[in-house]
Number of protein chains: 2
Amino acid sequence: MFDLLRKHILKRIDLTKAEFQQCTTYFIPKRVRKHRYLLESGDVSRYAAFVVKGCLRSYTIDQAGEEHIAQFAIEDWWIGDPYSYFENQPSVYSIDAFEDSELLLLDRASMEKLCLAIPKFERFFRLLLQANFIASQRRIMQSLSATAEERYLQFLKNYPAIFSRVPQKQIASYLGITPQSLSRIRRHLSKHA
Amino acid sequence: MFDLLRKHILKRIDLTKAEFQQCTTYFIPKRVRKHRYLLESGDVSRYAAFVVKGCLRSYTIDQAGEEHIAQFAIEDWWIGDPYSYFENQPSVYSIDAFEDSELLLLDRASMEKLCLAIPKFERFFRLLLQANFIASQRRIMQSLSATAEERYLQFLKNYPAIFSRVPQKQIASYLGITPQSLSRIRRHLSKHA
DNA sequence: AAATGACGTTAACCTAGGGTAACTATGCTA
DNA sequence: TAGCATAGTTACCCTAGGTTAACGTCATTT
C-alpha cells in the first residue's frame, strides 16, 4: 500500500526508513469505488489524495451547466482542490473515480504536523506544488496557442496512460472541446496519417 | 525600497525586524527601463523578481510567430519563469518592462540560503507558490468555460490596475484573442451597457 | 430477449472569433 | 515640421469548432 508513496517521496527528498515509517502514520487509506465521489462541490476539500491505484478526475460545472475537467489522476499522482484545501473554503469542484481506486489521504492538519515532525516535508510539498504550478502554466500557454488538434496530440503524448483509461468525452472536456469535435479530429488524423 | 517587500512578506509570515534586515541582504536591487529586458528567451531565468515599482510582462512566441502573454506584474507581484528558475533550464519566455521599473532580485542560490538561514521562508515561498498555482488553475478553468467577452470582463474586475497601464493589444494577447476581437468586444459592451 | 442508457460517430447548419486590409490617432525622431 | 512607427478601430470575408440531431454499438438491468 505504502510502497508507491515511498518511491514517490524519494524522488524528491531523502528519507530514512524510520522517517518514512513515521510519515505513513499521517495518511489515511481509503477506497473509492467506480463512479463514487471523493469530493462533492460545495463541500470543503479536506484531503489531498495520493493515488495508489485507480483513476479519478476533478471537474466543475459552469453557469451554463457544462462540465469542465480540471484534472485527471492515476497512480503516483495527487488529486484535490488546492484552493479549498489550503484556504478551507467550499470547493467548486467534484472529484469522482473512473475505476475502483485506492487512495492515501492527508488532511490539512496532518500535513502541517508532518511538516513540523519532519521538516524535509516542507520542502517536499514545495517541490510538489512547484511541479504542479509549472504544469498548469504550460496548460495555459497551450490553450492560448494551440489548436484543438494540437492539444489533443500533446495530450496523447504527455498522458498516454490516461488516454486509454478514460472515456473520450472526458478527454474532450479536459481539452475544452465537445466530444463531437474530438471525434472529427480523430477521423481527420486517421485519414491524414 | 525594501518597504513594500516587508509588507509583502508580513502578509504571509511573521518576521522580527532583525530577520527582515537579514533577509534583505539576499536581494539585489535592479532597475529595468521601459522596453528593456529582464529575461530573454533562451537564457536561464536566474532571478525571481519582486516588483517594487513599474509594470512588466512575461511572454512566449509560438511556432506560428504569435506572442502570448503568460503574466503581467506590477507593484507587490513577482515575475519570472518558475520552470527555468527552479530547473535551471533555458526559458521559452522573455520578460520586459512597460514602464521604468524597480525590482528586487533573488537568485536561486540566495533563495536556498535564505530558507536555510530563516526557515520560515520555506513556508513563505510555499504559500506564494500555492497562491500562484491556485490563480493559474482559475485561469485554466476560465479559458475552458468563458467566452472572450466574459474573460475580458473578469480581467477588468480582477486586475483594474493592470488594465490602465498596458496597451490593449497586450491584454488581448493575455486573453488569447486578437486586438481586433478585443476592440469589437469593447464596442459591443459600450453599446449594450 | 427486450429495454435502457452510456458512448462514439457522422452530417447539416451556425457562430464566435480569426485574417486581411484600410483608415485614424498618437506618439517619437530627424 | 515632416516622416514614420505603433496603437486602436472598423469592415469584409473565412474557418475552427459548437449545436442539434440521427444512428450504431456496447454494457447493464429487467
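Every chain is numbered from 1, with letters handed out A, B, ... down the list of sequences.
Side chains of A:W77 and A:H8: a donor-acceptor N/O pair is absent below 3.5 angstrom, by distance only. Side chains of A:H68 and A:D62: a donor on one and an acceptor on the other come within 3.5 Å.
Figure legend: A:R138 and B:Y83 shown as a cation-pi pair, the cationic atom lying under 6.0 angstrom from the six-membered ring centre and within 45 degrees of its axis.
Contact annotation: B:R187 does not reach the phosphate of D:dT9 (side-chain N/O to OP1 or OP2, under 4.0 Å).
Atom-to-atom, CD of A:Q168 to P of D:dC26 comes out at 15 Å; the value is rounded to the nearest Å. Rounded to whole Å, atom P of D:dT6 lies 13 Å from atom NZ of B:K34. Note: NE2 (B:H188) to C1' (D:dT10) measures 16 Å, nearest angstrom. If you take CZ of A:F98 and C1' of C:dC7, they are 13 Å apart, rounded to a whole angstrom. In this structure, B:K169 atom NZ and D:dT9 atom P are separated by 13 Å, rounded to whole Å. Here the P atom of nucleotide D:dA27 and the NE2 atom of A:H35 are 14 Å apart, to the nearest Å. As a whole-Å value, the separation of A:Y152 OH from C:dG8 P is 11 Å. Atoms CD (A:E66) and C1' (D:dT19) sit 10 Å apart, rounded to a whole Å.
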Please list, one pair per line, the donor and acceptor atoms closer than 3.5 Å that link side chains of residues 168-187 of chain B to other protein atoms, with sequence neighbours excluded.
| from | atom 1 | to | atom 2 | distance (Å) |
| --- | --- | --- | --- | --- |
| B:Q168 | OE1 | B:R186 | NE | 3.3 |
| B:Q170 | OE1 | B:R57 | NH1 | 2.9 |
| B:S173 | OG | B:E67 | O | 3.3 |
| B:S173 | OG | B:I69 | N | 3.1 |
| B:T178 | OG1 | B:S181 | N | 3.1 |
| B:T178 | OG1 | B:S181 | OG | 3.1 |
| B:S181 | OG | B:R184 | NH2 | 2.9 |
| B:R186 | NH1 | B:Y152 | OH | 3.0 |

Please list, for nucleotides 16-18 of chain D, all pairs of protein and nucleotide N/O atoms separated by less than 3.5 Å.
| from | atom 1 | to | atom 2 | distance (Å) |
| --- | --- | --- | --- | --- |
| D:dG17 | OP1 | A:A148 | N | 2.7 |
| D:dG18 | OP1 | A:G176 | O | 3.4 |
| D:dG18 | OP2 | A:T178 | N | 3.2 |
| D:dG18 | OP2 | A:T178 | OG1 | 3.2 |
| D:dG18 | OP2 | A:S181 | OG | 2.4 |
| D:dG18 | N7 | A:R184 | NH2 | 2.8 |
| D:dG18 | O6 | A:R184 | NH1 | 2.8 |

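We find the CG-CD distance between B:L15 and B:Q22 to be 10.0 Å, quoted to the nearest 0.5 Å.
Side-chain atoms of B:K120 come within 3.5 Å of backbone N or O of B:D14 as a donor-acceptor pair.
Under the side chain to side chain contact (heavy atoms under 4.5 Å, CB included) criterion, A:D100 pairs with A:R33, A:K34, not counting sequence neighbours.
Side-chain atoms of B:Q180 stay outside donor-acceptor range of the base of D:dT9, with no qualifying N/O pair under 3.5 Å.
In this structure, B:P179 reaches neither bases nor backbone, as no heavy-atom distance under 4.0 Å exists between it and the strands shown.
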